[in-house]
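Read the structure below first, then the notes.
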There are 2 protein chains.
Amino acid sequence: MNEYIERYKDSGFKLTPQRLAILHFLEGNTDHPTAEDIFLAVKTNFPTISIATVYNTLQALKERGKVLELTIDPERKHYDPNTTPHHHVVCTECNEIGDIFEDYSETLQPPEYVLRRFRIAGNHVNFYGICKSCQDKKH
Amino acid sequence: MNEYIERYKDSGFKLTPQRLAILHFLEGNTDHPTAEDIFLAVKTNFPTISIATVYNTLQALKERGKVLELTIDPERKHYDPNTTPHHHVVCTECNEIGDIFEDYSETLQPPEYVLRRFRIAGNHVNFYGICKSCQDKKH
DNA sequence: CTCTTACCTTAGAACCATTATAAGCATATT
DNA sequence: AATATGCTTATAATGGTTCTAAGGTAAGAG
């Protein structure tokens with residue numbers, strides 16, 4: 001837990017028990033949970049937590065660059081504690097999201113007509129497909 | 001208008017006046033409109049149209065592969081009548097979306113550990129940046 | 001032609017993820 | 001101990017999207 005104290009002091013981010021529980025759940029999590037996923041998981045150890053606290057905490061983490069909000073699933077937002085540049089693969093059946101750690105930056109150059117209209121800050125690749133368990137479901 | 005009759009007969013998609021108005025607005029449109037954008041635009045020529053009809057029509061077009069639903073803007077869905085493979089650039093300030101017609105498919109190969117878990121059907125690149133008019137707004 | 005059927009449109013209600021509100025709580029500072 | 005600040009919470013509000021149910025339309029059957 002000292003890791004957190006180190007990481008968040010000076011950032012005006014109070015490490016309350018609720019926030020520690022959320023941070024602990026997110027630490028190393030590669031499931032790309034939704035706010036509700038986080039809420040339900042933390043609730044088992046911390047039954048009084050409110051969904052509003054989850055959203056508030058995610059907002060604060062987002063502002064501090066500690067978490068990425070993913071707009072990939074058309075139905076809800078997902079959160080990714082891995083803020084290093086990487087990409088994703090999404091199951092078009094169940095919306096499961098997987099990580100892709102591959103550096104495509106060399107080849108992903110936006111064309112001239114885009115550079116004239118936008119100052120580009122980053123990019124992100126999504127692959128779409130069907131995951132194993134959804135393939136199996138279709139007998 | 002005969003183009004539409006040709007294009008949609010046999011697909012069980014009735015070409016009502018409302019649908020023709022929506023198709024006409026979408027034809028060649030590169031603005032990536034939201035359902036509300038479409039509703040407001042069509043409403044000027046067709047004041048009785050309902051937003052439900054816009055959503056119903058978009059759903060039907062989506063199912064027939066005539067329109068792509070874009071999950072890029074965290075706030076709302078956008079629709080793209082251009083269904084050929086292409087990519088997008090998004091302004092992180094105003095959510096304006098631009099098209100990128102560049103073929104990255106050669107180099108966008110998902111790694112082995114992804115191919116084992118997903119049957120990949122496609123990919124999509126988003127570039128993030130700030131558009132001209134938002135750059136100017138920050139004086 | 002009329003009748004039937006299938007599908008479409010519409011207003012409004014419902015839904016649901018997310019955000020806002022306002023009251024109470026906890027902790028650090030004076 | 002008093003105060004201030006920021007956090008948590010339940011609940012309400014918001015807003016995009018979907019659902020519902022009633023009526024409309026037009027093509028095909030008789």
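If you're wondering where the values come from, they're calculated on a predicted model, not measured in any experiment.
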Using a 3.5 Å cut-off and no angle test, enumerate the donor-acceptor pairs between side-chain atoms of residues 14-23 of chain B and protein atoms at least two apart in sequence or in another chain.
from, atom 1, to, atom 2, distance (Å)
B/Thr16, OG1, B/Arg19, N, 3.2
B/Arg19, NH1, B/Lys14, O, 3.2

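Rounding to whole angstrom units, CG of residue A/Leu61 and P of D/dC7 are separated by 11 Å. Rounding to whole angstrom units, CZ of residue B/Arg19 and C1' of C/dC7 are separated by 8 Å. The CZ-P distance, from B/Phe39 to C/dT10, rounds to 9 Å in whole Å. With rounding to whole Å, B/Leu70 atom CG is found 17 Å from D/dG16 atom P. Atom C1' of nucleotide C/dA11 and atom CD of B/Gln18 are separated by 14 Å, given to the nearest angstrom. Atom C1' of nucleotide D/dC7 and atom CD of A/Glu63 are separated by 14 Å, given to the nearest angstrom. Here the C1' atom of nucleotide C/dT9 and the CG atom of B/Leu58 are 15 Å apart, to the nearest Å. If you measure from atom NZ of B/Lys14 to atom C1' of D/dA27, you get 7 Å, rounded to the nearest angstrom.
Counting heavy atoms of neighbouring residues, nucleotides and ligands inside a 6.0 Å radius, atom CD of B/Glu106 does not exceed 12 of them. No more than 12 heavy atoms of other residues, nucleotides or ligands lie within 6.0 Å of CD in B/Glu36, so this atom counts as exposed by the packing criterion.
Scanning both residues, A/Asp103 and A/Ser105, for their nearest heavy atoms gives OD1-OG, 2.6 Å.
Applying the salt bridge (charged side-chain N to carboxylate O under 4.0 Å, His left out) rule to pairs touching residues 115-134 of chain B yields A/Glu96-B/Arg117, B/Glu112-B/Arg116, sequence neighbours excluded. Contacts classified as ring-ring contact (aromatic ring centres under 6.0 Å, His included) and involving residues 82-108 of chain A (residues at least two apart or in different chains) are given here: A/His32-A/His88, A/His86-A/His88, A/His86-A/Phe101, A/His87-A/Tyr104, A/His87-A/His124, A/His88-A/His124. A side chain to side chain donor-acceptor pair (under 3.5 Å) check over residues 51-61 of chain B, counting only residues at least two apart or in different chains, returns the pairs B/Gln59-B/Lys62, B/Gln59-B/Glu63.
With distances taken from any side-chain atom of B/Thr57 to the nucleotides C/dT9, D/dT9, D/dG6, the minimum falls on C/dT9.
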I'd like a list of close polar pairs between nucleotides 17-21 of chain D and the protein, N/O only, cut-off under 3.5 Å.
from, atom 1, to, atom 2, distance (Å)
D/dT17, OP1, B/Lys77, N, 2.8
D/dT17, OP2, B/Tyr55, OH, 2.7
D/dT17, O5', B/Tyr55, OH, 3.4

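Within the 4.0 angstrom heavy-atom criterion, only backbone atoms of the sugar-phosphate kind lie near A/Thr16; the bases stay farther away.
A heavy atom closer than 4.0 Å to some atom of DNA chain D occurs in A/Thr48, A/Ile49, A/Ser50, these being the qualifying members of residues 42-50 of chain A.
When hydrophobic clusters are built by joining Ile, Leu, Val, Met, Phe, Trp and Tyr residues whose side-chain heavy atoms come closer than 4.5 Å, directly or via intermediates, B/Val67 is grouped together with B/Phe25. Under a hydrophobic clustering in which Ile, Leu, Val, Met, Phe, Trp and Tyr are joined whenever their side-chain heavy atoms come within less than 4.5 Å, directly or via other members, B/Ile51 and B/Leu26 fall into the same cluster.
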